[in-house]
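Notes to accompany the following structure.
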Amino acid sequence: MTEAAAPTPAKGEETPFRYTAQMAEEIELKWQGRWEKGQAFRALNPGEAGFDAARPKFYCLDMFPYPSGAGLHVGHPEGYTATDIICRLRRMQGFNVLHPLGWDAFGLPAEQYALQTGVHPAITTKKAIDTFRNQLKRFGFSYDWSRELATIDPDYYRWTQWIWLQCYGAYFDEATARARPISELEFVLARDNNEVELPQGDGRRRWRDCTPQQQQSWLDARRLAYLGEQTVNWCPQLGTVLANEEVINGRSERGGFPVSRLPLRQWMFRITAYADRLLADLQLVDWPVSTRAMQEEWIGRSEGALVQFEVHGPAGSAGDLAVYTRRPDTLFGATYMVLAPEHPLVVQMIANPAAGVDVAALRAYVEAARNRSEVDRQAESVIKTGAATGWMARNPATGALIPIWVADYVLMGYGTGAIMAVPGHDQRDFDFAQAFSLPVVQVVDVAGQEWTGDAATPGEGRAINSASAELSLDGLPTAQAKARIIEWLQKKVIGQAQVQYRLRDWLFSRQRYWGEPMPVAFDEAGIHHPVDEAALPVRLPELADFKPVESATPVPPLSKARQWVETTAGAAGICVGRIPPDAVMHRETNTMPNWAGSCWYYLRYCAPACADRFVDSRAERYWMAGRGVDLYVGGSEHAVLHLLYARFWHKVLFDLGHVSTVEPFGKLFHQGLITSFAYTRQDGSLVPVDEVDEAAPGFVERATGKPVARTVAKMSKSLRNVVNPDDVIAQYGADAFRLYEMYMGPLEASKPWNPRDIPGVFRFLQRLWRLLIDERTGQPLLAREADPRLERLLHRTVAKVAHDIDRLAFNTAIAALIEMVNEATRPFDLTDAGAGGLTRDQALRLVSAAAPFAPHIAEELWGRLGGTGLVAHASWPAVDAAMLVDEKVEIAVQVLGKVKLRLQVSAADAADVARLEAAALAHPEVIALLAGRVPKKAIAVPGRLINLVV
RNA sequence: GCGCCAGUAGCUCAGUUGGCUAGAGCACACCCCUGAGACGGGUGAGGUCGAAGGUUCGAUUCCUUUCUGGCGCACCA
C-alpha cells in the first residue's frame with residue numbers, strides 16, 4: 001500500500017459512532033454472520049417448502065474459479081462483486097435468484113503445485129479451496145453456499161463420467177443433425193440389413209454379413225466419444241498431449257512450452273459434427289460480439305469443392321487423390337499438387353519411387369518435417385520448403401499431367417491434407433512455385449490487379465484461359481464459374497460442393513494424474529468396453545507417486561497404479577451379463593482434461609445433491625428456463641476453450657433429452673482485466689509499488705528521491721505490483737473494496753488498480769453514514785419534512801441505479817449515489833443535533849438503493865433507521881414516473897448552433913415542437929437577441945433546445 | 001497482413017437514439033474548521049473530446065482516411 005490516507009479510528013468520546021475501518025469490520029463481520037446463520041441467500045427449488053412459483057427466476061453465474069495455492073487476487077472479486085450486485089437487486093425486485101459458487105479443482109495447475117511442494121494434490125487442492133472460500137466470504141457475497149460443489153468430489157465426477165458415457169453411447173445422425181443413442185443405429189442396421197462401408201478400403205458389405213468385430217469397429221468409428229488415431233499436440237514439459245484450443249502459436253496455452261506433433265491413438269470428441277450448429281446457434285445468444293467472432297473464426301466455416309485427381313505412380317494409375325479447394329473455378333490453373341508430409345500417400349510414394357527421383361531427399365524431408373516442432377515450423381513459415389515425389393496427377397479440367405510435391409505448408413489436419421496448387425491466384429502457391437520453378441498460369445482476370453506474372457492475384461474476377469472440349473468457364477464471374485464447374489464435376493462424378501470447417505475434433509485424453517478417470521477398460525484383445533452406469537464413479541486411485549513418467553512419448557502416470565489398472569470385468573463394472581465377470585481387463589489410464597468438470601457444473605448447481613441423476617429434471621427445467629443461465633460473467637480468456645466445449649456438451653445433452661435448452665448461457669459478459677501500475681528507474685530496473693511517492697509532476701523513488709516512470713501492466717510477482725485484497729479489506733473494509741472495484745470504470749474495460757482512489761469511495765461511505773447517523777450518539781439524523789427537490793432526486797437516483805445495474809454500468813450507478821448523498825448533505829447543518837437532510841422514509845429508500853453495492857453498511861443503517869427485517873430481503877423502492885420529469889424545463893436558445901441564452905419553459909410547451917418554437921420566438925429575451933433579424937429557419941428539439949438560423 | 005474494440009482534465013473514467021456552458025472521483029491550489037495538525041467542509045484552476053477531411057442548422061457523438069494502444073486470428077487451400 002502507499003501512504004494514501006487511512007481512515008483514523010474514532011478518538012475520544014466526541015464521535016464514537018463515526019464510520020471508520022474498525023467500525024466497517026465490526027459491521028461487516030456482524031452481518032455476514034447473521035446472513036449465514038439465517039441462510040439469507042438460500043435459493044429454494046421447485047417443490048421445496050416455501051418456494052414461490054409466482055416469482056420470476058434469475059440464474060446468475062460466475063465462471064468456475066480454479067483455486068490456486070496463492071489465494072485470491074484482486075481480479076477475482078471484480079466479476080463476483082458485479083454478479084453479487086445484480087443478484088441483490090433482483091432479490092429486492094422479487095426474483096427467485098440462483099447464485100451459486102463451486103470449485104474447478106482437477107487439472108494441471110493443481111498437480112504442478114502439488115509436485116512443487118511434494119504434497120498430494122488431494123491435500124493441496126482442499127487447502128486451496130478452504131483459503132478461497134474464507135477469503136471470498138469476507139466480501140459478503142450473497143452466494144447460496146448450500147450448493148457449493150467441487151469437480152474432485154466423487155459425487156460430482158461420477159456424473160462427469162456419466163456424461164462421457166452418454167457421448168460414448170451416441171452417434172451423430174446426419175439426417176436429423178442431432179445425436180442419438182448408438183443402440184438405435186445398431187437396431188436399424190440389424191433390422192434393415194443395410195450396406196455399410198468398411199474401414200481400410202475393405203469395401204461395402206451388408207450388415208448381417210459383417211463379422212461381429214467388423215460391426216463393432218464400424219459402430220465404434222461413429223461414437224461421439226471415440227478412440228481415434230490422430231496427429232496430436234504433445235507437450236513434453238507438461239507431460240501431456242493438448243487439444244488444438246490449448247496450443248497457441250505452437251506453444252502450450254498454459255506455461256508457453258513448445259509443442260510437437262505426434263501420431264497417437266487417443267480419446268476424441270466428435271465436436272466437428274456440431275460445427276454447423278455451434279456456429280448457427282451463436283445467433284441465439286446475447287454475447288459480446290468479439291467473443292462470438294472468436295468462436296466463428298475458430299469454427300472457421302468455408303465453402304468450396306472436393307475434387308478428385310487421378311494419381312499416376314511408376315506402376316501406372318494409382319487411384320484418386322481428393323483435395324478441398326475454396327476456388328474450384330481456378331481448377332484450370334492448377335499446375336501442381338502438394339501433399340502434407342503426414343499424408344498416407346507419401347508412404348507409398350517412398351516405397352514405390354518414381355524413376356529419377358531422389359528418394360533419399362524425399363524421405364529426409366518428410367522425416368525432418370515430422371520432427372520439427374510447431375514453433376520451428378512457423379518461425380520458418382516465410383520460406384517455402386518441399387520435395388518432389390516424382391508421382392503425377394491428372395488435372396481433370398485440362399487433362400494435363402501435373403507433378404505432386406510434398407511440402408509442410410500444407411497441413412494434414414485441414415481438408416484432405418492435400419491441395420491443388422494454383423500459383424497464379426494463391427500467394428502461398430505462388431511463393432512455392434517461384435522457389436521450385438513450377439509453371440504459373442493466369443485463369444482469372446481480377447479487376448484492378450494487372451497480371452504481370454510476378455505475383456499472384458488472389459481476388460475474384462472473371463475466368464479466362466479456362467476452357468476445354470467439355471467445359472468453358474471463360475468470361476464467367478467467380479461465383480458463377482464456381483457453380484458451373486461444380487455442376488460439371490458432379491456430372492463426371494469426380495467432385496462436389498463441400499463445406500469445410502477449421503474446427504477439429506476435440507482431443508480428450510491427458511497423460512496426467514489429477515483428473516477424472518475415463519469410465520472405460522480394455523479386454524485382452526484390446527477392445528474397449530464402457531463401465532456400467534451403476535458402477536460409477538470410477539474412483540481416481542490413491543497414488544503416492546503421481547509424478548509424470550519421464551519419457552519422450554506420452555505415458556499416463558495412472559499406469560503405475562498396477563492393481564487398479566489390472567482388473568476384471570466384474571470388478572470394473574463392465575458389461576455385466578455380456579462378458580464373464582472374471583474376464584481380464586485393464587483400465588484406461590488417460591484422464592480427462594481440466595475442461596471436463598467445467599463443461600456442465602452450471603447444470604449441477606440446479607440440484608447439487610441429486611443422487612440418482614446428473615441434475616434433477618424439474619430443477620433444471622426451472623432454473624434453465626428461457627435461455628439458460630440468465631447472466632454469465634467471467635474473463636474473455638475462455639472465449640473459445642471452455643465456452644465452446646460447454647456449448648458442445650450441452651447440445652449433446654439436449655439431443656439426448658437430458659436438458660431443456662439448446663444453449664447453456666443466454667447472456668455472457670466479460671469483466672476487464674485489473675492491471676496495476678509498475679514503476680521503473682531510468683536504467684529500466686523495477687521499483688516496488690510501495691516504495692514510490694507522487695511528486696509534483698510525476699513519481700519519485702522514496703529512498704533516493706529520483707524520478708521513476710510509471711507504466712501499466714498485468715499484476716505479477718516479478719513486477720512487484722501485486723495487490724492482496726485482504727490488505728485492502730483490513731484497511732478500508734469489504735464495502736469500500738467492492739465499491740472501489742465497481743467505481744474504477746466500466747466492468748468490461750481493462751483498468752489499473754490505483755490505491756490512491758480507494759480513500760475516495762471510503763469517504764463516500766463515511767458521508768453516507770454521517771448523512772443518516774449522528775456520529776456523537778449513533779442515533780438517526782432525520783428531517784422532519786421531505787424536501788421536494790430531494791424527493792425528486794431520490795426517485796431519479798433509484799431509477800438510475802436500477803437501470804444502470806441492468807446494463808452492468810455499476811460505475812455510473814455509484815456516481816448517481818454519490819451525487820444523491822452530496823445533494824442531501826448540503827442543506828442541513830451538521831451542528832444542528834438531530835436534524836438530517838432526509839426523512840426516515842427517504843433514508844430507507846436511499847439505503848435500499850445503496851444496498852446492492854455496500855450491503856453491510858446498508859444493513860447496519862437499515863437497522864438503525866428502524867427498517868424491518870433485512871434490507872437484503874426488502875423490496876426495491878418504487879419509482880414514480882411523474883417524479884422523473886421536471887415541471888419546468890430549461891431550453892437552450894442557439895443562433896447558428898451557438899448557445900446564446902437559456903429559457904425556462906413549461907414541460908408541456910417544451911415537449912411539442914410547434915409550441916416550443918412559438919414560445920421561444922415570442923419570448924422578450926429572444927426578440928432582443930435577434931434585434932430585428934428574421935430567422936430563416938428554426939430547429940426545435942423537444943425538451944432540449946431551439947436553434948435559430950438567421 | 002486481416003478482423004474486433006478503444007483514444008474525453010495530470011490519473012482513472014461518465015457523457016443512453018447528433019443538441020444545452022462536456023461532468024465525477026483522485027491528485028493540485030486557496031479558504032473555513034483547529035493551539036497546531038489529521039479528519040471534515042467549502043471554493044477554484046485545469047480539456048482545440050487522438051489528427052485531418054466530410055455530412056448537418058448543429059459533430060465528442062454519424063461517415064471516410066490516418067495515427068496510437070489493446071485483444072483475437074494468421075501458410076486452414
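Every chain is numbered from 1 and lettered A, B, ... according to where its sequence line falls, protein lines coming before strand lines.
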**OP:** Inspect the contact between Asp426(A) and Arg327(A) and indicate whether a charged nitrogen and a carboxylate oxygen are less than 4.0 angstrom apart.
**Re:** no
Subject >> Whole angstrom value for the distance that separates P of C13(B) from CD of Glu819(A) >> reply: 19 Å
Original post:
Does a side-chain N or O from Tyr743(A) land closer than 4.0 Å to OP1 or OP2 of G25(B), or not?
Top reply: no
**OP:** Please measure how far the P atom in U16(B) lies from the corresponding atom in A29(B), and state the result in whole Å.
**Re:** 34 Å
**OP:** Rounded to whole angstrom, note down the C1' distance from A22(B) over to G58(B).
**Re:** 16 Å
**OP:** Rounded off to whole Å, could you give me the CG-to-C1' distance for the Asp426(A) and C75(B) pair?
**Re:** 9 Å
Subject >> Ring centers of Phe762(A), Trp769(A) separated by less than 6.0 Å >> reply: no
Subject >> Closest to the Asp408(A) side chain, choosing from G72(B), A77(B), C75(B) >> reply: C75(B)
Original post:
How far does the C1' atom of C13(B) sit from the matching atom of C57(B), given to the nearest Å?
Top reply: 32 Å
Subject >> Nucleotide G40(B), atom P - distance to CG of Leu765(A) in whole Å >> reply: 13 Å
Original post:
So Tyr336(A) and Phe432(A), would you call those rings parallel, tilted or perpendicular, with 30° and 60° as cut-offs?
Top reply: parallel
**OP:** Using atom CZ of Arg767(A) as one end and atom P of G25(B) as the other, report the distance to the nearest whole Å.
**Re:** 7 Å
Original post:
To the nearest Å, how far apart are Arg292(A) CZ and G3(B) P?
Top reply: 19 Å
Original post:
So does Arg763(A) get a side-chain nitrogen or oxygen closer than 4.0 Å to the phosphate oxygens (OP1/OP2) of G40(B)?
Top reply: yes
Original post:
So what does Arg502(A) hit on the nucleic acid, given a heavy-atom distance under 4.0 Å: a base, only sugar-phosphate, or nothing?
Top reply: base
Original post:
For the pair made of OH in Tyr414(A) and P in C75(B), what is the distance, rounded to whole Å?
Top reply: 13 Å
**OP:** Give the rounded distance in Å between these two atoms: CD1 of Ile818(A) and P of G23(B).
**Re:** 17 Å
**OP:** Using the C1' atom on both, measure G40(B) against C4(B) and round to a whole Å.
**Re:** 47 Å
Original post:
With rounding to whole Å, what would you report as the distance between A52(B) and U68(B) at their C1' atoms?
Top reply: 15 Å
Original post:
What integer distance in Å separates Glu775(A):CD from C33(B):P?
Top reply: 20 Å
Original post:
Can you tell me how far P in G18(B) sits from the matching atom in C63(B), rounded to whole Å?
Top reply: 11 Å
**OP:** Have a look at Gly760(A) and say if it touches a base, only the backbone sugar-phosphate, or nothing, with a 4.0 Å heavy-atom cut-off.
**Re:** sugar-phosphate
Original post:
If we take the C1' atom in both A9(B) and C5(B), what is their distance in whole Å?
Top reply: 24 Å
**OP:** For A6(B) versus G46(B), give the span between their P atoms, rounded off to a whole number of Å.
**Re:** 31 Å
